[in-house]
There are 2 protein chains.
Amino acid sequence: METVSDRAGEEIEFHGKGGKTLVEGAYATLRREILEGAFEPGAKLRTEELRARYNISGSTMREALTRLLGEALVTSEGQRGFRVAPASLEDFRDLTEVRKLIETEALRQAIAHGDEAWESQIVASFYRLSKVEERLAEDPAHAISEFEERNREFHRALIAACPSRWLHHFIGLLFQQSERYRRMSMAKRTIPRDVHAEHKAIFDAVIARDADLACKLTADHIERTLTVLRVALEPQAEPRRSKTKINS
Amino acid sequence: METVSDRAGEEIEFHGKGGKTLVEGAYATLRREILEGAFEPGAKLRTEELRARYNISGSTMREALTRLLGEALVTSEGQRGFRVAPASLEDFRDLTEVRKLIETEALRQAIAHGDEAWESQIVASFYRLSKVEERLAEDPAHAISEFEERNREFHRALIAACPSRWLHHFIGLLFQQSERYRRMSMAKRTIPRDVHAEHKAIFDAVIARDADLACKLTADHIERTLTVLRVALEPQAEPRRSKTKINS
DNA sequence: GTCAACAAAAATCTCGATATTTTTTTAAAG
DNA sequence: CTTTAAAAAAATATCGAGATTTTTGTTGAC
C-alpha cells in the first residue's frame, strides 16, 4: 500500500484500493485534496513537488494532473505547467445557474421514469444522509466529509432514474465543482440554514411524484448555497478588487 | 516541424503551430483523426502504435490520450489501455436531446445580452458558412472539413453573447461529440436536406431577436441530423442486434 | 534608479528503457 | 475434443534521467 507525505512530511495512505493503477491513485488523492481546499484555488502545482508527495515519477504525475484537467479542477498553460483551477463568486454563480437548469431537467425525467427500486434507493440514501446531518450539528469538522459523500449520494439517487448519460455526466462535473465552494461556504457559515429540512422537502415531493414542486425545491436548494457564500463574502467586500477571487 | 506517418506510412504534418508542446500536437492530431473517423468507434488504441505514428514517447502519448479522455473521445479501463469512445444511435439520441436543452438556453441568453459586435460576428460567420455550403454541393468530399469548421464557428458566434462559461464549455463538448455522428450522417446521405435554408432561417430569427422562433428553429436543426442518421441506419436494421453500435 | 542583456537556476517537457500486467500460445490432462 | 495449466509474447504502466523552456538573478550601461 502506497503512502504519500502530508503537509509537514507525515505519511497518509493512498486510499487503499488494491487493483488501481498509480495514476488513478494519485488522481483520486489529488482530486480530494483540491476539493477539500488543501491547495488554494489558482495555486501553482509543481510536478516535482507533487511527484515527491505521492512517490511517483514525473510522467505519471503529469498524467494524473491531465485527468483533473478534464474535470476542470486544474488548468494548464502551454509551457508553464499546471495550476489549481481558480475560484470566484462569478464562477460559482454561473455554476449554480447551469446546475439548476440541468439538474431540474434530470429530476423531471427521473420522476417520469422512476420505478420502485429507484424510490427505495432514495429512501435509503435519505435515511443515511439524515443520520450524518444530526452529527453535523455536534461535530462539524469531523462529519463534513461524510456529509459530502452522503449528500452526493442522495442527490445522485434522486436523479438515478433519468436515462440520459450526458445529463448525468454534466451533473457529476457540476456537483464536484460545487463541492469546493460548498466547503468554503460551510467553513464561513454565517447564515443559519436548515439543510435537513430542505432535503426532507425535496424527498417528500419526489416520493409524491410532484415534479413541479420537486424541481422548484431543488432549484431553491441549489441557489441557497450561493446566497450563503455571497453573504459570507460581501460584508468584507474591498472596493479595490473587482473580480473577487476566492482565496480560502 | 514534426511529422507523423499516415495510414500507409506516408508522412503528414503535425499541424504547424509553432509554440505548442508535443503533447498538444499529438492531442490535436489524434482528436481530429478520431472525429474524422480514421479510427473506428470502440477501436483499440495501442500506445506503442500511436507512439510510433506521432514520433513521440510512450508517456507523452499517454498524456495526449488522457486529454481526450476528458473530452469523452476515448475511454480507458484499468490496466488495459485506451479505446476510441464507442458510438451508438442511442448515444447520439441522448446527445441530441441534451444539446437541444443547453444550446437553446444559451441562445436565449445570447439574444438577451448580445450587442452590435455580436451581431456583426454572426453576419460574418454566416457569410463564410454560406460560401462553403455552395461548394459542398459540388465537391462534398473535399469541402466537408472546411464546412465543419465554419459550421462550428457559426454556431459559436450565435451563442457568443451568452455569458455562461459553463454553458459554453458543455456546448463545446456536445458539439464535438456530434461532429463524429454528423460526418457519418453526411457520408451515408440518404434524405435530401437543405442545410443552408435551415441556417438562413436561424440567422434571420436571431438577427430579428425573436428568441422563441430562433430556439425552435435551432432545436429542429439539431434534431434533423439525428433523423437523417436514424433513417440511414434503420433500413438495414438487423433484428439480431439490439444496441445498434455504429461501425463507420 | 531604470532598463536591457546576459547568466544561472528552476521548472517543464520529453525520452528510452524497465517493471508489471494482460493476452496469446503451447502443452498436458481429463 | 474440451478444459486447465504453464510458458511465451504483447501491451500497459512506471521510472529516472536528459533536453528544452521559463523564471529568477546579476551585471553593466545610460
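Here is how names work: the chains are called A, B, and so on, in the same order as the sequence lines, proteins then strands, and each is numbered from 1. Side chains are part of it too, since the values below use all heavy atoms of this structure and drop only hydrogens, waters and symmetry mates. Just so you know, these numbers come straight off a predicted model, no measurement behind them.
- Within the structure, the ring-ring contact (aromatic ring centres under 6.0 Å, His included) test picks out no pair touching residues 57-80 of chain A (sequence neighbours left out).
- Applying the side chain to side chain contact (heavy atoms under 4.5 Å, CB included) criterion to B:D139, with sequence neighbours excluded, gives B:H142.
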For nucleotides 20-25 of chain D, tabulate all protein N/O to nucleotide N/O atom pairs closer than 3.5 Å, reporting atom names and distance.
| unit_1 | atom_1 | unit_2 | atom_2 | d |
| --- | --- | --- | --- | --- |
| D:dT23 | OP1 | A:R80 | NE | 3.3 |

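- In this structure, the CD atom of B:E49 is 8 Å from the P atom of D:dA11, given to the nearest Å.
- To the nearest 0.5 Å, atom CD1 of residue A:I56 and atom CG of residue A:L50 are 8.5 Å apart.
- For the contact set between residues 57-67 of chain A and DNA chain D, defined by any heavy atom under 4.0 Å, the members are A:S57, A:S59, A:T60.
- When the ring-ring contact (aromatic ring centres under 6.0 Å, His included) test is applied to A:F170, the partners found at least two apart in sequence or on another chain are A:W166, B:F170.
- Within the structure, ring-ring contact (aromatic ring centres under 6.0 Å, His included) pairs that include any residue of residues 61-90 of chain A do not occur (at least two apart or interchain).
- For B:A110, the side chain to side chain contact (heavy atoms under 4.5 Å, CB included) partners are B:W118, B:A161, B:C162, not counting sequence neighbours.
- Judged as a side chain to side chain contact (heavy atoms under 4.5 Å, CB included), and not counting sequence neighbours, the contacts of A:R46 are A:K44, A:E49.
- Look at CD1 on A:I56: it is 11 Å from P on D:dG16, rounded to the nearest Å.
- Listed pair A:T21 / D:dA13 fails the phosphate criterion, with no side-chain N or O lying under 4.0 Å from OP1 or OP2.
- Where DNA chain C meets chain A (any atom under 4.0 Å from a heavy atom), the bounding nucleotides read 5' to 3' are C:dA11 to C:dC15.
- The nearest whole Å value for the distance from the CZ atom in B:F82 to the P atom in D:dT12 is 9 Å.
- In this view, B:F154 and B:F126, B:H199 satisfy the ring-ring contact (aromatic ring centres under 6.0 Å, His included) rule, not counting sequence neighbours.
- Here CZ of A:R31 is found 9.0 Å from CD of A:E179. Values are rounded to the nearest 0.5 Å.
- Contacts of B:E97 classified as side chain to side chain contact (heavy atoms under 4.5 Å, CB included), with partners at least two apart in sequence or in another chain: B:R93, B:K100, B:E223.
- In this structure, B:R51 atom CZ and D:dA13 atom P are separated by 16 Å, rounded to whole Å.
- Remark: A:F39 engages no residue in a ring-ring contact (aromatic ring centres under 6.0 Å, His included) (not counting sequence neighbours).
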